[in-house]
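Letters go in sequence order (proteins before strands), and every chain restarts at 1.
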2 protein chains.
Amino acid sequence: MDQFAQPRLKMADVARIAGVSVATVSRALAGSPLVSEETRARIEAAVRDTGYVVNQVASGLRLQRSRQILVLLPDIANPFFGEVVLGIEEEAQRQGFGVLIGNTARNPEREAALARQFQTGAVDGLVLLTGHKPPGIPPTRLVGVSEHIADPAIAVVSIDNRAAAREAVTYLLALGHRKVAHIGGPTGNILTQQRHAGFLDALGGDADPALVQFGDYSIASGEAAMHALLPAQPTAVFCSNDEMAIGAIRAARASGLHVPHELSVVGFDDIPFAGAYDPPLTTIRQPRRDMGRVAARVLLAALDDQDMPRPAVLPHTLIVRASTGPADGK
Amino acid sequence: MDQFAQPRLKMADVARIAGVSVATVSRALAGSPLVSEETRARIEAAVRDTGYVVNQVASGLRLQRSRQILVLLPDIANPFFGEVVLGIEEEAQRQGFGVLIGNTARNPEREAALARQFQTGAVDGLVLLTGHKPPGIPPTRLVGVSEHIADPAIAVVSIDNRAAAREAVTYLLALGHRKVAHIGGPTGNILTQQRHAGFLDALGGDADPALVQFGDYSIASGEAAMHALLPAQPTAVFCSNDEMAIGAIRAARASGLHVPHELSVVGFDDIPFAGAYDPPLTTIRQPRRDMGRVAARVLLAALDDQDMPRPAVLPHTLIVRASTGPADGK
DNA sequence: TTGTACGCGTTATCAT
DNA sequence: ATGATAACGCGTACAA
């Protein structure tokens, strides 16, 4: 009952069936003008009849390029990345490139295995959503998205995180809040630093240390950080991402505080669930799909030109929803 | 200033440096015992010095296998898949396989491009999280996860969706609910049908049509479906996934109903946000990571044995949280 | 317009 | 234990 897969056709098979040489088949399939209409038709018929598809591995070996790019994700479960990937795919497809995704899971071994796909020509370029270049590969044919890469030779497509954070906090101040707290991510993280800097900017330079906590961008860590902040009695908190903002809301509620009447909460990213949470989250929206599109465009241009891709800064938006309100609670 | 990437080393370069033939280098790198310790050391030194890595494309062409598998996702933004992918990666890595991810985005063109990666040997096997086999490829070296595949030759790793749905609804009945509604997914979808069947099972065979609505597994569609159900005054609703459950809660609240006092809501999947929502969602947990692990195991076994993989049914769990309560509202 | 033949970087066979 | 060489399947000079 078990059908054995028939050995896959090669170009020579198609050539034989069409009564031509492999060279002609290759040319016909590549759309070369050096093929008569009549032979082209015969070849196309043979391809249709047999269901032949060109072997991308052999072709890639010969051409030294695969027309594939690989997107490296640190955490495939992070809802931030989905839309970025869609943007990348959109632009790549437009330019005839395929997109593969690799999940490093912050595991050096997996990252190395994926980097090898790049080093050995299985993919032509890399989009880094991981915030760092895999060790041991040259900083060329790479582009970063969202998070800055330590290697200055690598262009990054992002928003102005510092300005966005400043804007979010300024908004809270405009609502009359005077004790604005901040929950950041891991302190070593560049995004954390940029958004923290924007927080300080808005406050005029420095903040009460009792009003600043750092988590790890998870809901649980936001919850813990908010519990630690509550004794200082902030009336508003700016969180470095939406997950921690949700955690902050949970902690506030657990302590009997109403959001937004007694505590305003601002997130960052506008992940898919942000608008569906109760209350819907006020947050900074990153143009994720555009970021992906631009990143792909920058990378693919660099593949052709061989010259250094330029970084791009895209506009963010403050999305005001129901997790924030006036300082006096109405 | 622009460093040109040095042309990549080939095995012949390493051979030259180590003063041996490429055949010996190949053997040494493959761990063959037919290499003297002394030459092996020289070769390893050369590899370290140069940073040489074997070209997987050339190797794959020669060996006719890549030791890579490709996971096909219908929607990379769907939070259900993250943990499944982790399970797949875990097992694949254990067996020395790499994992790539392809997002079809329900776009036939992208799906075809990804299927070609498989057809042409860039990857050895396919894990389908899409619910269907890409057209035009033989049903071998494939395994499905979660959703049944139309082609009976393809093994699927899943839970017993019908039994799980029955269990969820039975739990609601045990709480004293008599008007239990259901929000399903697209009616053509197999998961929708199985979970709907389980809903009917628990009710003893049939349900009031006014208590059944179908959405598209999105939050918005759950919201719309719940609005349509409200006139029938259900005291509980079983939703075919967590997103629609969240939508149902939003709709109930918008109509002034308290969850769970006036309406109990059960979801399905236990996506990462389910426990963090307010109220935390009662739902059916699928053992996502295990499903991924088992799927990888089944697929990789099939790659060796050439025989048909066997389907697997894994245990689900009803997770009771705060979105459900007794029918009398306390 | 078409065909012949070589090379892309490996691995395996067959010598030695 | 090691080396020469033929494949793997394709693309492209070069020849015809």
Side-chain angles (χ1 to χ4, degrees), chain A residues 5-44 46-47 50-68 116-124, chain B residues 5-44 46-47 50-68 116-124:
Chain A
Q6 62 260 352
R8 247 205 343 276
L9 298 149
K10 51 177 73 174
M11 202 174 265
D13 298 320
V14 176
R16 191 169 27 70
I17 293 173
V20 294
S21 76
V22 290
T24 303
V25 176
S26 178
R27 279 188 286 253
L29 266 40
S32 159
L34 303 176
V35 181
S36 78
E37 273 318 308
E38 191 235 343
T39 36
R40 184 185 302 278
R42 276 216 314 289
I43 290 169
E44 280 168 358
V47 167
T50 57
Y52 169 77
V53 293
V54 174
N55 183 325
Q56 296 188 342
V57 174
S59 171
L61 179 60
R62 172 64 231 235
L63 294 174
Q64 300 290 74
R65 53 175 184 65
S66 63
R67 295 191 77 77
Q68 301 282 334
R116 200 164 310 131
Q117 291 283 111
F118 174 59
Q119 287 176 67
T120 71
V123 301
D124 295 338
Chain B
Q6 63 260 351
R8 246 205 343 276
L9 298 148
K10 52 177 74 174
M11 201 174 266
D13 299 319
V14 175
R16 191 170 27 69
I17 293 173
V20 293
S21 76
V22 289
T24 304
V25 175
S26 178
R27 277 188 287 253
L29 267 40
S32 159
L34 304 175
V35 181
S36 77
E37 271 319 306
E38 191 235 345
T39 31
R40 184 186 302 278
R42 277 215 314 287
I43 290 168
E44 279 169 359
V47 168
T50 57
Y52 169 78
V53 293
V54 174
N55 183 323
Q56 296 189 342
V57 175
S59 172
L61 178 60
R62 172 64 228 230
L63 293 173
Q64 300 290 73
R65 54 174 183 65
S66 62
R67 295 192 76 77
Q68 301 282 335
R116 200 165 308 133
Q117 291 284 109
F118 174 60
Q119 288 176 67
T120 71
V123 301
D124 295 338

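- Of the residues near DNA chain D, A:Lys10 and B:Ser21, the one whose nearest nucleotide (by heavy atom distance) lies more toward the 5' end is B:Ser21.
- Look at B:Thr120 and you won't find any side-chain N or O under 4.0 angstrom from OP1 or OP2 of D:dG9.
- Here A:Val20 lies in heavy-atom contact (under 4.0 Å) with sugar-phosphate atoms only.
- For D:dG9, neither phosphate oxygen OP1 nor OP2 lies less than 4.0 angstrom from any side-chain nitrogen or oxygen of A:Tyr52.
- With DNA chain D read from its 5' end, the first of the two nearest nucleotides for B:Glu38 and A:Val53 is the one closest to B:Glu38.
- Rounded to 10°, the helix from C:dT1-D:dA16 to C:dT16-D:dA1 has 40° between the axis fitted to its first five pairs and the one fitted to its last five.
- Atom-to-atom, CD of B:Glu37 to P of D:dT2 comes out at 10 Å; the value is rounded to the nearest Å.
- If you take CZ of A:Arg62 and C1' of D:dA13, they are 9 Å apart, rounded to a whole angstrom.
- Using a 4.0 Å cut-off, no side-chain N or O of B:Gln56 falls inside it from OP1 or OP2 of C:dG9.
- At a threshold of 4.0 angstrom between heavy atoms, the contacts of A:Leu63 are confined to the sugar-phosphate backbone, with no base atom among them.
- For the pair B:Ser36 and D:dT2, the criterion of a side-chain N or O lying under 4.0 Å from OP1 or OP2 is met.
- Put simply, A:Thr24 has a side-chain N or O that comes within less than 4.0 Å of OP1 or OP2 on C:dG3.
- Remark: P of D:dA1 and CZ of B:Arg27 are 10 Å apart, rounded to the nearest angstrom.
- The side-chain heavy atoms of B:Arg42 and B:Thr39, taken from C-beta on, include a pair separated by under 4.5 Å.
- When distances run from any side-chain atom of A:Leu34 to the nucleotides C:dG3, D:dA1, C:dT1, the shortest one goes to C:dT1.
- Listed nucleotides C:dG3, D:dC10, D:dC8 differ in distance to A:Val54; the shortest reach to its side chain belongs to D:dC10.
- What separates CZ of A:Arg65 from C1' of D:dG11 is a distance of 10 Å, to the nearest Å.
- In this model, the phosphate group of C:dT10 is not approached by any side-chain N or O of B:Ser59 to a distance below 4.0 Å at OP1 or OP2.
- With sequence neighbours excluded, the residues that form a side chain to side chain donor-acceptor pair (under 3.5 Å) with A:Gln68 are B:Gln117.
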